[in-house]
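Single-structure report; data block below.
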Amino acid sequence: MTNVTIGAAQATRIEEMYTADWDAPAFFPDWRKELVAPHLGWMVPDHFDPAKNSLKLSIHSWLIRVGGRSILVDTCVGNHKTRLTRPKWHLMESRYLARLAEAGIRPEEIDMVMCTHLHADHVGWNTRLDNGRWVPTFPKARYVFSKTDYDHYLALDREAKAPVNHGAFRDSVLPVVEAGLAQMVTGAAEIDEHLTLEPAPGHTPGSVVVKLASNGERALFCGDVLHHAIQVHHPEWNSFVCADQDLARKSRRGVLEHCSGTGALLMPVHFGAPFVCHIEARGGGFVPRFV
Ligand SMILES: [Zn+2]
């Protein structure tokens with residue numbers, strides 16, 4: 001279990017899966033063998049499997065404990081969800097809740113859930129199956145959603161013949177809203193004395209990043225503004241799921257500049273081990289410094 005200390009705050013990685021089965025050139029359209037060759041030394045084996053030409057990506061949540069409160073950032077894919085268009089996420093039965101228990105917390109002790117965006121691998125554990133119904137997994141939490149993303153996917157879901165985001169909007173977002181637990185945020189927002197939320201659009205229209213500050217130390221939870229550490233070296237590389245190409249690049253560069261300029265620890269959702277890194281500005285670009 002990865003534990004990180006940021007001032008008086010503790011962040012614990014809650015793993016759902018960590019697998020090398022993402023075809024690299026399909027994931028990053030700009031992937032070229034000659035461009036990644038200089039990076040194999042640090043990428044293999046925790047970030048890339050050269051035998052399969054596959055990215056090794058984690059899907060995890062960050063459990064933040066600060067000021068006596070427990071906050072979960074991003075909630076993975078979830079169990080028992082019908083995901084016909086993503087076979088490896090279909091009807092999953094992971095040990096996610098057991099891992100949360102191993103981290104010393106019960107679902108009813110979570111005070112807040114923050115989703116950096118509303119894709120299926122960031123909202124899944126918002127709900128769990130209870131007698132055939134999707135109910136909030138964290139019944140006492142306030143769930144913070146970007147209103148821009150919510151409005152975007154609500155409109156798409158109404159228009160679409162098939163449910164959007166592999167079905168996640170209907171089974172992992174709407175039940176939380178219907179239970180009255182959602183707090184919609186527009187623009188930058190101060191969540192409490194330690195946490196702020198800032199728009200970082202591009203990957204989705206309403207993507208946000210979460211900034212944590214405690215006792216002079218900082219961290220930035222970047223959601224899918226970056227998927228893989230190779231994007232620190234190549235901030236111009238978008239993933240195949242980024243919606244607005246130019247905005248996604250702009251937000252990525254903004255995150256890297258913030259982390260290199262302030263010393264904030266980068267806390268991604270999908271990077272391989274050791275899962276977090278500092279960012280150093282070097283020669284007009286950036287390099288990750290894993291911790
Ligand atoms: Zn994701």
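Order of appearance sets the numbers: ligands from 1, and atoms from 1 within every ligand.
When distances to the Zn ion (ligand 1) are checked against a cut-off of 2.8 Å, D74 contributes no N, O or S atom below that limit. Taking backbone and side-chain atoms together, H117 has no N/O/S atom less than 2.8 Å away from the Zn ion (ligand 1). Residue contact annotation: H227 places no N/O/S atom under 2.8 Å from the Zn ion (ligand 1).
For the Zn ion (ligand 1), the nearest N, O or S atom contributed by D224 is named OD2. D121 contributes OD2 as its N, O or S atom closest to the Zn ion (ligand 1).
Heavy atoms of other residues, nucleotides or ligands lying less than 6.0 angstrom from NZ of K140 number 12 at most.
Within the cation-pi definition used here (under 6.0 Å to the ring centroid, within 45° of the axis), K81 does not qualify as a partner of W125.
When rounded to 10 degrees, the angle formed at the Zn ion (ligand 1) by NE2 (H122) and NE2 (H270) equals 100°.
Partners of R142 according to the salt bridge (Lys or Arg N to Asp or Glu O under 4.0 Å) rule, which considers only residues two or more places apart in sequence or in another chain, do not exist here. Considering only residues two or more places apart in sequence or on other chains, E178 meets the salt bridge (Lys or Arg N to Asp or Glu O under 4.0 Å) condition with none of them.
Here R32 does not pair with E34 in a salt bridge; the nearest charged N to carboxylate O distance is not below 4.0 Å.
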